[in-house]
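Written out below as structure tokens is the structure these notes cover.
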Amino acid sequence: MSNTKISTKFLKIIIFISLTILIISSLISFYIMGNIKKDTQRILGNKIEIKLENKINNSLQLGVTNAVSIANNQNIQDALINNDKEKAYQILNNLNNKYSKFTKHKKSKIHIHTYDVKSFLRSWDKTHNGDELSSFRETINYVKETQQPVLDIEVGWANLVIRSIVPIIKDEKYIGSLEFIQDFESIQKALENEDKYFFALIDKKLLKNKPTKEHIIDKYAISQSYYKRDFFKTLKTVDLDNLIKQGYISKDNKYFSIKPIIGFDSSFIGYYVIGEDYEKIKEIINQSQNITKK
């Protein structure tokens with residue numbers, strides 16, 4: 001065999017090996033980059049969830065601080081003991097005006113309950129009182145039994161709310177309880193300042209008001225009247241099961257992460273969803289991939 005033939009055959013072998021190595025390297029690189037993308041999206045989703053959780057916890061702590069302060073108000077205690085709803089309403093109305101004027105929590109509500117777990121006074125409706133609560137408000141029953149505060153996320157009459165419930169104690173005697181109620185609007189607006197958009201998807205069976213078709217996603221319905229419309233429109237088109245399984249999903253240049261909503265009794269309520277422009281996520285992913293390439 002001539003040297004030329006040997007050289008040609010050897011060259012073909014070298015080219016074949018080189019191409020094989022190149023293909024394998026490309027596949028490995030593609031696999032690594034794909035994993036980096038998935039890991040980065042998952043990490044970002046976890047960070048968003050932690051941010052949301054911190055904001056909710058801050059609201060819960062604010063609520064319990066305010067609730068304790070109001071429950072220790074001697075005039076409120078005397079009004080409850082003397083069944084003086086008008087006096088209690090005047091005090092609560094004055095407090096609500098101050099919260100609305102000086103804090104971000106402009107739609108907070110206060111509900112006072114009697115020692116036998118009936119409604120004494122609602123700050124937003126002084127004519128609706130006296131109804132029995134023990135049959136369906138386990139959190140209030142718990143406060144009465146333990147005389148300890150409860151911080152909870154519950155489905156209210158119209159939407160998802162943050163409740164901080166504390167006992168009212170006078171002369172070491174339990175005389176009732178008080179709850180400070182907040183909606184999620186202040187949390188939504190705080191997130192929107194960071195270009196993140198909040199949605200609360202509630203199991204339809206838990207909503208007292210029947211949701212309209214435009215507010216429904218599969219077995220869930222959005223509980224807010226205020227939300228980012230274009231993001232919700234995209235959210236309605238995503239594979240919700242896949243979003244729940246992965247914890248995140250991207251579609252139409254939008255990124256969504258999801259977290260379960262669990263109630264006081266460990267019951268499942270629905271999901272928090274946070275939406276964000278995918279371009280911002282993509283930029284972080286590219287930075288992570290570029291670091292790996294170096």
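Please read these numbers as outputs of a predicted model, since none were measured by experiment. Basis for what follows: all heavy atoms, side chains included, without hydrogens, waters or symmetry-related copies.
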Carboxylate-amine/guanidinium contact [X] [Y], below 4.0 Å:
X	Y	value
Asp131	Arg122	yes
Glu194	Lys189	no
Asp203	Lys205	yes

When you compare the side chains of [X] and [Y], does any donor N or O come within less than 3.5 Å of an acceptor on the partner?
X	Y	result
Lys144	Ser177	no
Ser119	His113	no
Asn83	Lys85	yes
Tyr220	His215	no

Less than 4.5 Å apart, side chain to side chain, heavy atoms only: is that true for [X] and [Y]?
X	Y	answer
Ile217	Ile222	no
Ile269	Ile202	yes
Ile244	Tyr271	yes
Glu276	Ile274	no
Thr237	Lys251	yes
Tyr174	Tyr115	yes
Phe256	Thr234	yes
Ser59	Ile187	yes

I want to check a possible cation-pi pair here: Lys254 against Phe231, using under 6.0 Å from ring centre and within 45° of the ring axis as the test.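 So Lys254 does make the cation-pi contact.
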Distance under 6.0 Å and angle within 45° of the ring axis: does Lys259 meet both against Tyr272?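 No, Lys259 and Tyr272 do not form such a contact.
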For the pair Asn96 and Ser123, evaluate side-chain hydrogen bond (donor to acceptor under 3.5 Å, both in side chains) and give the outcome as yes or no after the intermediate values. CA-CA 8 Å; Asn96 272 336; Ser123 67; 3.3 Å; yes
Does the gap between the ring centers of Phe184 and Phe198 come in under 6.0 Å?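 Centroid distance Phe184-Phe198: below 6.0 Å, so yes.
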Only distances under 3.5 Å count here; give the side-chain donor-acceptor pairs of residues 146-156 to other protein atoms, sequence neighbours excluded, each with its distance to 0.1 Å.
unit_1, atom_1, unit_2, atom_2, d
Thr146, OG1, Tyr142, O, 2.8
Thr146, OG1, Gln148, N, 3.2
Asp152, OD1, Phe264, N, 2.9
Glu154, OE1, Arg163, NE, 2.7
Glu154, OE2, Thr139, OG1, 3.0

Count the heavy atoms of every other residue, nucleotide or ligand shown that sit under 6.0 Å from [atom1] of [X], and state whether that count exceeds 12.
X	atom1	result
Lys118	NZ	no
Lys219	NZ	no
Lys233	NZ	no

Determine yes or no for a side-chain-to-main-chain donor-acceptor pair under 3.5 angstrom, with [X] supplying the side chain and [Y] the backbone.
X	Y	answer
Asn141	Ser134	yes
Asp125	Thr127	yes
Ser69	Thr65	no

For Tyr248 and Tyr255, take the angle between the two ring planes, folded into 0 to 90°, and tell me which bin it lands in: parallel under 30, tilted 30 to 60, perpendicular over 60.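 Because their plane-to-plane angle is under 30°, the rings of Tyr248 and Tyr255 count as parallel.
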With salt bridge (charged side-chain N to carboxylate O under 4.0 Å, His left out) as the criterion, how do Lys228 and Glu192 come out once you've worked through the C-alpha distance, each side chain's angles and the decisive distance to 0.1 Å? CA-CA 9 Å; Lys228 188 74 170 176; Glu192 283 194 13; over 6 Å; no
